[in-house]
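Only one structure is covered here, and it is reproduced in the block below.
Quick caveat: nothing in here was measured; it's all calculated off a predicted structure. Protein chains get the first letters and strands the later ones, always in sequence-line order, with residue 1 at the start of each.
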Amino acid sequence: MSQARPSRAAINSYQAGAYSPDRARPFEYKSKVGVQDKYKVIGFISSGTYGRVYKAHGRQGQTGEFAIKKFKPDKEGEQITYTGISQSAVREMALCSELNHHNVIKLIEIILEDKCIFMVFEYAEHDLLQIIHHHTQQPRHPIPPSTIKSIMFQLLNGCQYLHTNWVLHRDLKPANIMVTSGGEVKIGDLGLARLFHKPLHSLYSGDKVVVTIWYRAPELLLGSRHYTPAIDMWAVGCIFAELLSLRPIFKGEEAKMDSKKTVPFQRNQMQKIVDIMGLPTKERWSLLTSMPEYSAISTLTPPLSAPHHGHHHHGHHYQPQRQTGGGGHLEKWYYNTINQHAGGSGPAPGAASLQSLGPEGYKLLAALLEYDPEKRLTAAAALQHPFFSTGDKVSANCFEGLKMEYPHRRVSQDDTGIGPSSGSGTKRSGMPDESLRPNKRVKDG
Amino acid sequence: MAANYWESTQRRHWQFTKDELVMMRQKLEEEEAGLVQMFPLPQLRHLNIYFNQQINRLGKRLGVRQQAMATAQVYVKRFYTRVEIRRTNPYLLIATAVYLACKMEECPQHIRLVTQEARSLWPADFHGIDTSKLGECEFYLISEMSSHLIIHQPYRTLNVLQGDFGLVPDEVALAWSVINDHYMTDLPLLYPPHIVALTAVMLALVLRPVNGSGQGGSGGSGSNAAASAAGLAAATAVLAQAQARAAITGGGGGGGGSSSGPVTPSLTPQGSMLPSSQGSADGSAEGKKIPDARMGKVQRFGMWLAESNIDIEAMVDCTQELISFYECHEQYNDKHTREQINRIIKARGL
């Protein structure tokens with residue numbers, strides 16, 4: 001629905017040249033660019049606490065497609081008013097304006113109009129959540145190893161760019177990793193991103209939501225207040241695991257904040273990590289004992305003795321270890337995962353099996369899911385990992401060689417109104433990821 | 001990018017030549033010829049001094065860090081390259097710039113508090129301005145700046161350099177106050193932050209802090225003006241020497257253009273990766289032989305410059321700008337400036 005809009009001429013009247021001395025309020029802000037003059041909204045893509053995202057075409061001959069993120073305007077009653085832009089929106093606007101890398105989603109422009117903020121990005125047809133979901137559809141079939149390798153390389157490349165420029169993403173998860181139809185991976189949604197060379201306050205204070213819990217690094221779960229690039233790298237490890245197994249590797253349940261607003265220890269999430277990674281030890285993580293929630297570790301259940309079931313595969317021997325997080329469980333998890341579909345009746349006989357990722361895949365995964373943030377692989381080091389230099393060559397197009405095409409992003413035609421009063425009452429349902437599950441419609445009030 | 005000045009929007013979009021600045025401002029005045037005629041304003045340098053002081057006053061009331069105030073200074077400068085001053089209420093813009101800069105520099109202040117403080121600081125000129133006006137002005141400000149909000153400041157360079165050049169606290173404080181002062185000039189729109197920082201260091205080395213003054217950045221350090229003539233001579237000598245030496249050794253420095261230098265591998269804007277020339281041994285020669293020690297520092301600074309790829313011509317110009325600013329500062333009349341601005345606000349109901 002498109003709203004009756006005042007003419008652009010009237011709106012632009014504040015611009016130089018159109019000044020008239022009798023005007024009552026010379027300091028009135030009007031946008032020079034009308035978002036609806038420049039873009040034609042095709043439909044609604046997703047919503048979150050920040051607002052809504054729309055798919056759009058250019059009206060003025062711009063090539064390509066666009067994703068327009070409209071920040072939810074502030075309201076006093078029914079009246080939309082200026083109440084000051086939120087700090088996270090300011091950060092996102094500022095950071096996205098500076099970033100320029102082929103593995104980070106590109107900002108086209110920002111339009112401030114009618115008390116609303118519109119950030120116009122390049123459009124990406126897919127995201128990792130959607131791609132993972134597609135492979136869980138019956139018959140469940142793994143993502144081709146060449147695709148995984150390319151995705152991981154590009155994702156790490158984007159991370160390295162962010163980190164060398166002192167930007168922490170802080171909310172890496174499959175839904176935030178976009179993939180264009182040309183197979184280019186683009187890190188998106190820098191809504192939580194921050195510069196880390198100027199930690200005036202601890203980077204923890206002031207932000208309630210930090211990193212979707214399944215991808216949250218153990219040091220954060222144990223109460224660390226310092227954000228480091230290593231926190232992003234843990235999330236990258238989790239994403240790698242999810243690309244392999246098609247489900248979140250540490251799928252915990254979030255403990256809600258209690259009435260006193262104290263941040264609870266995320267026991268369930270930490271337990272999920274321990275189930276696979278074993279208990280963290282001070283031998284392997286020297287600063288472990290100084291973590292605020294260190295005492296809580298003793299209340300966690302160590303994983304059941306050594307992994308021992310599952311089929312044996314050639315030439316590989318687990319080190320049966322007890323509790324102490326030697327990675328034995330992760331190794332078992334990895335080989336179980338890549339062997340799962342081997343020799344089976346996959347949908348595409350002759351398609352490369354995940355087994356081709358080999359032991360280097362495990363080593364990369366283990367180095368990313370390293371408990372000690374100091375020892376965890378950095379993005380730069382990960383790019384040098386033998387995983388990428390052995391086996392098949394890494395392609396810059398993660399879809400290269402695929403015979404199928406992934407389903408396109410779902411775009412709802414119901415809502416193409418982008419005006420100030422449209423899209424009110426955006427609610428976020430369940431996990432933030434839900435809004436991008438392609439098979440679920442998000443309810444909009 | 002965020003940490004990389006060379007790729008930043010600041011370098012790509014907000015670093016101008018003097019001619020460009022003159023043209024932009026001329027254009028704004030021509031477009032508002034009627035207003036300009038009706039409402040004379042003091043010279044721009046004096047307006048800049050006034051705005052600078054008002055930002056600092058509001059910032060101090062709010063207990064805002066220097067870094068955020070510096071960012072607000074640049075926001076105001078950028079805005080007024082796009083919008084004619086007479087069309088605005090500068091007090092509203094200043095309050096908005098401070099409010100936005102605080103968010104950007106990770107020390108946010110509540111919009112209501114900023115409005116309140118502004119109102120009590122400027123009761124007459126901030127009359128009738130509420131939070132929604134400030135919020136509206138924020139849109140205006142961001143829009144005119146094309147959402148380019150990350151500002152690279154010389155303070156960070158200075159922090160890195162002080163160790164490398166073995167500066168003593170007095171020298172650091174003086175360099176710091178020179179950086180504070182440069183926000184009263186056009187320099188933030190003309191030169192990269194490391195050029196400003198290096199110029200500040202050089203001036204701190206040649207302009208001795210007199211009687212321990214120059215403690216901290218008071219802004220408007222008129223005391224500097226006394227030393228200006230001598231300082232200019234000394235500074236020019238240092239730079240000329242460095243330039244000559246660079247010409248012989250084939251180092252950088254001579255390389256023409258103002259802000260458009262290519263990426264200099266030997267020095268990031270933050271000043272890291274300095275050549276290892278400075279021996280720390282004699283850098284510690286404080287105490288009784290201060291004059292000698294300082295002369296040594298000046299010389300080493302000059303040597304270092306000659307070996308670096310720093311645009312020395314830019315530093316020469318930067319020095320001249322600062323010195324002539326200190327001279328011009330003598331004639332600054334606060335009351336006169338304030339009255340002329342207030343007249344516009346009143347007459348136009350801004």
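- A:E374 CD: 12 or fewer foreign heavy atoms inside a 6.0 Å radius.
- Taking CZ of B:R112 as the reference point, atom OG1 of A:T83 lies at 9.5 Å (rounded to 0.5 Å).
- Under the 3.5 Å distance criterion, the side-chain polar atoms of B:S147 are left unmatched by any main-chain donor or acceptor of A:I110.
- Minimum heavy-atom separation, B:H148 to A:S97: CD2-CB, 4.0 Å.
- For B:I111, the part lying near chain A is the side chain, with the backbone staying farther off; criterion is any non-hydrogen pair under 4.5 Å.
- Residue-environment remark: CD (B:Q37) stays at or below the threshold of 12 foreign heavy atoms within 6.0 Å.
- With rounding to the nearest 0.5 angstrom, the CG atom of B:L141 is 10.0 Å from the CG atom of A:L112.
- Applying the 6.0 Å contact sphere to NE2 of B:H127 captures no more than 12 heavy atoms from other residues, nucleotides or ligands.
- Between A:Y29 and B:F139, the angle of the ring planes goes over 60°, which puts this pair in the perpendicular group of the 30/60° scheme.
- To the nearest 0.5 Å, atom SG of residue B:C102 and atom CD of residue A:Q87 are 9.5 Å apart.
- At least one donor-acceptor pair closer than 3.5 Å links the side chain of B:E138 to the backbone N or O of A:I85.
- Contact check on B:R12 versus A:E98 returns no salt bridge, with no Lys/Arg side-chain nitrogen under 4.0 Å from an Asp/Glu carboxylate oxygen.
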